[in-house]
Amino acid sequence: MSFSAQEFLAIDLPALLAATLATVSCALVGSFLVLRRQSLMGDAIAHAALPGIVIAFLIAGTRASPAMVLGAAAAGTLATVLIEALRRAARVESQASMGVVFSIMFAAGVLLLEQAAARNIDLDADCVLYGQLEDILWLAPDGFASLLDPSVWMAMPREVVTLAIVCAAVVALIALFYKELKITSFDPGLATTLGINSSAVHYGLMAATALVVVASFEAVGSILVIAMLICPAAAARMFTDRLPSQLFVSATLAALAAIAGYVLAGFGPIWLGAEHSLNAAGMIAVVGGALVGLAIVGSPRHGAIARTIRRRRLSLRIAREDLLGLLYRFEEATDRGEREVGPDQESALRLLVRLAPGASLKLARRAMQCCLRDGSLRLDGGRLVLTEAGRAEARRLVRSHRLWERYLVQELGQRPDHVHRTAMELEHITSPAMQQELAPGPEGPDRDPHDRPIPPGDPSETGKNT
Amino acid sequence: MMKPLHQVVSPRSLDELPEHSAASPLSIHDMTVAYRRKPVLWDIDYDAPDRSLIAIVGPNGAGKSTLIKACLGLIPMASGRVEIYGKPAKAQRGIVGYVPQRESVDWDFPVSALDVVCMGRYGRIGWMKPVSRLHRDAAMACLEKVGLTDLANRQISQLSGGQQQRVFLARALAQEAKLYFMDEPFAGVDASTEQAIVETLRELKAHGRTVICVHHDLHTVPEYFDHALLLNMRVVAAGPVGDVFTPENLQKTYGGRLTLLDQAAQALARAERGG
């Protein structure tokens, strides 16, 4: 496939426009489906619309008719009503009733489609299921200069025009009913008490979904519509925590998927040395799926990489604090005269690995370097020694630890030999306010259940009430 | 941190309250509610006293939430009717506020605390209109009232349980209702939030509002509420807490299990001490 302006305008541009408008419409509607935990509803409507599409086609006799849009929208709405009715009547969960309704309606659609295909080859399973993106042609323009001629634009392929209208309608509807969509998605009960009819909004959204599905089916196919309803919206959920940004990011990802999918399908195989291009709709859906995968891995807040980094930081912090606590306990032993000196560096780290749950020698080393760098520890002839700042921090930690042990034994009645491990975890997440609550009374308890002294609180923090 | 209520709600809406309400804030006549034909509430008759804090108490499955939801029109009644200030409940939506159970919504939803409080104004704003500056400011004032000004732009999943409950309370204040239904507003909150909620309830009452709460903690009923409705699929007793919080009534309500009787005895002792 070589690039020429004529080819681009005739074949690629209308296909790209159709694909982008379809995926963006799907993503906007899909965002609300995903937020309302009704993603499967989009799936159901996409399947259930099929008989509507075929019946409308059989009546109107052409794919161009708006009757087809209406037929699909009617079938989609009928499906949502049937799903709700079946759920009530048959005492099944809504997923089951969705499954029953959409598979039966889809099956009916397939039977009707065979009838239609026997009479007219203009509508067949391939077209409905996989889309006809490559067949959308814009023959009017003759080079880029001709784009200035309005009549060229008037000759834009019907599919693109339909999709542009639907996309504009979806944007307008969301803008108009933004508030109502938001509240009925978040708290339908409150919405009803405020006089906002939740089920009217629900059916409106379902009708809009049906509209988008049928308008998109020619471009990306009725099955691949499902991927576009869910994938960009689900990927955007990983990046956003406001509704406007959810809508914006999902639409952007959808457009990205459409363009990248089309380009990869058309040129990817050729770059790889193959001769035939791939089905564009299929590739768009694959890119959509890849975006979800990337979002799950790479999202800065909710992604797997970010989570791993956070977990590593946390375990380093815990190991660092455990090391300080360990050295503090050694100091106590030295003060009691049980030991002459503190441990040397290596044995301190090995002890840390043995005592702290989940610590490795590597982690212990990093924790030690951390302490040496931030000035809470210093090296004194091969031995680790707490600095003043390190000792104060360690005292706070050991205080939390022993306060928790006392609390768990005295207040919650746990056995003294069971509480160490729990206190080991809790000491790292104890805020000054929690510490204050653990130590009620002006004096506070001064011994833990193992008869070890509870170090006094930081003077700057006592008396502070939260 | 706390701001007096009259600075939060507009003076006009306070004036709207009649000096002496002729009708009870909530009259339930012979209400029966059934799930799949099995009645969960039988022949409920209740008249709520005006300007009061009312606790609905009863064991799990007694139909406490169901009663509230039926009054709000969220679930259909098999029979009976509900009047709010003398008119059918449907006609009075503008003066009824609702705090649902905290777990009833998805806290991962991509909205800020302020967005949620603004929802309390939606009934006033009307269909298809955006939230105006004025309503946003009113919502902000309600957030300030519950001490969450600093967290207004925080996404709601980043709030603690107590803070989430305060957001719901602020949203209810933003509704500027006369009658409030709250479904377990004290469930799973920290001590300071509990105190903030109690203060807000008292202030609402001082401004002539009536609040009906589903409440679980029998100990605090005498301290927090004036009236109690003891419910176990039917009304066991209703009236001033001091009158209805008797061991016999509580035993009838809870079926006389020992631990609860124990709680009841303590609550009663406190009720007598506190008056």
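The figures that follow rest on heavy atoms only: side chains count, while hydrogens, waters and symmetry mates do not. Per chain, numbering begins at 1; letters A, B, ... match sequence-line order.
- Of the listed residues I156(B), D108(B), V131(B), the one with more heavy-atom pairs under 4.5 angstrom with chain A than any other is D108(B).
- In this structure, no portion of D183(B) lies under 4.5 Å from any heavy atom of chain A.
- Dense packing is recorded around CG of L314(A), with more than 12 heavy atoms of other residues, nucleotides or ligands lying under 6.0 Å away.
- Side-chain contact check for F109(B) versus S185(A): some heavy-atom pair is nearer than 4.5 Å.
- Distance CG/L190(A) to CE/M119(B): 8.5 Å, rounded to 0.5 Å.
- Taking non-hydrogen atoms and a 4.5 Å limit, the residue list of residues 240-251 of chain A in contact with chain B, ordered by number, reads D241(A), R242(A), L243(A).
- Only the side chain of F177(A) comes within less than 4.5 Å of a heavy atom in chain B; its backbone stays farther off.
- Between D106(B) and the options R237(A), R37(A), R36(A), a salt bridge (Lys or Arg N to Asp or Glu O under 4.0 Å) holds for only R37(A).
- Of the listed residues (G73(B), S192(B), S104(B), S112(B)), the greatest number of heavy-atom pairs within a distance under 4.5 Å of chain A belongs to S112(B).
- Looking at R154(B), the atoms closer than 4.5 Å to chain A (heavy atoms on both sides) all sit in the backbone: N, CA, C or O.
- Residues of residues 194-206 of chain A having a heavy atom under 4.5 Å from any heavy atom of chain B, listed by number: L194(A), G195(A), I196(A), N197(A), V201(A).
- Neither the backbone nor the side chain of V99(B) has a heavy atom closer than 4.5 Å to any heavy atom of chain A.
- In this structure, the side chain of K179(A) engages the main chain of G126(B) through a donor-acceptor pair within 3.5 Å.
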List, one per line, each side-chain donor-acceptor pair under 3.5 Å for residues 93-100 of chain A, sequence neighbours excluded.
from	atom 1	to	atom 2	distance (Å)
S97(A)	OG	I83(A)	O	2.9
S97(A)	OG	S94(A)	O	3.4

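- You'll find the side chain of D187(A) reaches within 4.5 Å of the side chain of F168(B), heavy atoms only.
- Other residues, nucleotides and ligands contribute over 12 non-hydrogen atoms within 6.0 Å of the CZ atom of R310(A).
- Taking 4.5 Å as the heavy-atom cut-off, the residues of residues 28-35 of chain A that approach chain B are L35(A), ordered by number.
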